[in-house]
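Convention: sequence-line order gives letters A, B, ...; per-chain numbering from 1. Just so it is clear, the model here is predicted, and its values are computed rather than measured. Side chains are part of it too, since the values below use all heavy atoms of this structure and drop only hydrogens, waters and symmetry mates.
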Protein chains: 2
Amino acid sequence: MLSQEEISSIRNFNRDYTKLLGIMNKKVLDTPLSWTEGRVLLEISFNNDKTPIAVASNLGLDKSYTSRIIKRFEKNNLINKSPSSTDSRSIELSLTSDGESLVKELNKRSDQQIDDLLSNLSSSEQQEFYQAMTVLDNLLFNRK
Amino acid sequence: MLSQEEISSIRNFNRDYTKLLGIMNKKVLDTPLSWTEGRVLLEISFNNDKTPIAVASNLGLDKSYTSRIIKRFEKNNLINKSPSSTDSRSIELSLTSDGESLVKELNKRSDQQIDDLLSNLSSSEQQEFYQAMTVLDNLLFNRK
DNA sequence: AATTTTAGTGGACAAAGTCCACTAAAATGC
DNA sequence: GCATTTTAGTGGACTTTGTCCACTAAAATT
């Protein structure tokens, strides 16, 4: 088990990293979308026939809140709603071409951010970074 | 430089990790404090004679917002305000004993969270985790 | 000494998110 | 198959969180 000091450094890292990502996320905000709106749009884009409820539960959002976000998206012509063929309570969401291009833009900026984040590092440091992150990812998220 | 796929996994990690920390932070919220309030209280505790403006700028908060948070803290008897001896515009903040014990509680819970986070991992995996995180920390934050 | 900057506060507001109630359809229990 | 319960989606009302602006009084600058 880890020592108090090790736990303390993990907490510090978490704090700093949260802050860093927060700053990065603010910057993505140079799009017309808030952070949560961005997540919702990307979630819809992953799988072009998501229902609102699936989006809400995947992102851990209130369904009412999600409904309003989706309504705004529709108003701004980012998505289409179509009635589900299998469940008439339900709605299928799909991106409009405007939606598609906004998603592309979001992805481009996110990639650019990672690039910026790593631009201070040498090529070999970038590899080190990637490998260390892969270790964390496996340990935390990819356990079978 | 990193490939598109590598960048993409970094983004995935960031997303998942943000989500994980977000969930963890929600849980700390079983205290009477919101996340930002917790950060403010801890910031004050680090250094028991901080001014509001120092807190605000260290945490990147609006000074007016910070002022209100501090006001609430005072009302709830978590901190004391005393006039600065060197600058009469300024205020020195210090924790009351209630404040101290809340800080202790916050720290305890944060440590517990890290513990929980790592409890699925074996001892050697925990070491691996710690080492990988240290690599990231050095690469991102500890460059001289 | 006059001007500008800074610390702190409060009003007014905007943005983000939560909670509750409701409708209509689907699923479940018998 | 019918009655009951659950589920998807929406909207109203509200709280929490955070921003922006204006102001006072003290400090720093010129």
**Message:** For B:M133 versus A:N14, what's the shortest heavy-atom pair and its separation?
**Reply:** CE-OD1, 4.0 Å
**Item:** Side-chain touch A:F73/A:V40, heavy atoms, less than 4.5 angstrom
**Value:** yes
**Message:** As a test of reading the structure: which of C:dG17, C:dA24, D:dC20 is closest to the side chain of A:Y65, going by heavy atoms?
**Reply:** C:dG17
**Prompt:** Under 4.0 Å: is that the gap between some side-chain N or O of A:S84 and OP1 or OP2 of D:dA8?
**Reply:** no
**Message:** Using OP1 and OP2 only, check whether a side-chain N or O of A:K81 sits under 4.0 Å from D:dG9.
**Reply:** no
**Request:** Can you tell me the distance, in whole Å, between the CG atom of A:D62 and the P atom of D:dA13?
**Result:** 17 Å
**Message:** Tell me whether B:T134 contacts the main-chain N or O of B:Y130 through its side chain, where contact means a donor paired with an acceptor under 3.5 Å.
**Reply:** yes
**Prompt:** Has B:S88 got a side-chain N or O lying under 4.0 Å from the OP1 or OP2 atom of D:dA27?
**Reply:** yes
**Message:** Rounded to whole Å, please give me the gap between CD1 in A:I53 and P in C:dA26.
**Reply:** 15 Å
**Item:** Whole-Å distance separating the NZ atom of B:K71 from the P atom of C:dA7
**Value:** 20 Å
**Message:** Between D:dG9 and A:R68, counting only base atoms on the nucleotide and side-chain atoms on the residue, is there a donor-acceptor pair under 3.5 Å?
**Reply:** no
**Fill in**
Here the distance between atom C1' of C:dT18 and atom CD1 of A:I69, to the nearest Å, is 13 Å
**Asked** Hey, does B:T36 reach any base, or is it just sugar-phosphate, or nothing, if we go heavy atoms under 4.0 Å?
**Response** sugar-phosphate
**Request:** Would you tell me if any nitrogen or oxygen in the side chain of A:S67 comes within less than 4.0 Å of OP1 or OP2 on D:dA8?
**Result:** no
**Prompt:** Which whole-number value in Å describes the distance from B:E37 CD to D:dT16 P?
**Reply:** 10 Å
**Fill in**
Assert: residue with more 5' nearest nucleotide on DNA chain C, out of A:R72 and A:T86, is A:R72
**Complete:** dist B:L41:CG -> B:I79:CD1 (nearest 0.5 Å) comes out at 8.0 Å
**Request:** Could you tell me the separation between the CZ atom of B:F73 and the P atom of C:dG8, rounded to a whole number of Å?
**Result:** 15 Å
**Prompt:** When we call it a touch if two heavy atoms are under 4.0 Å apart, what does A:D87 touch: a base, just sugar-phosphate, or nothing?
**Reply:** sugar-phosphate
**Message:** The side chain of A:R89 is closest to which nucleotide in this list: D:dT6, C:dT18, C:dG11?
**Reply:** D:dT6
**Message:** Angle between ring planes, A:F13 versus B:Y17, binned at 30° and 60°: parallel, tilted or perpendicular?
**Reply:** tilted
**Item:** Distance test, side-chain N/O of B:K63 to OP1/OP2 of D:dC23, below 4.0 Å
**Value:** no
**Fill in**
From CG of B:L59 across to C1' of D:dT17 the rounded distance in Å is 15 Å
**Any A:S64 side-chain nitrogen or oxygen under 4.0 Å from OP1 or OP2 of C:dT18** = no
**Request:** To the nearest Å, give me how far apart NZ (B:K50) and P (C:dA7) are.
**Result:** 15 Å
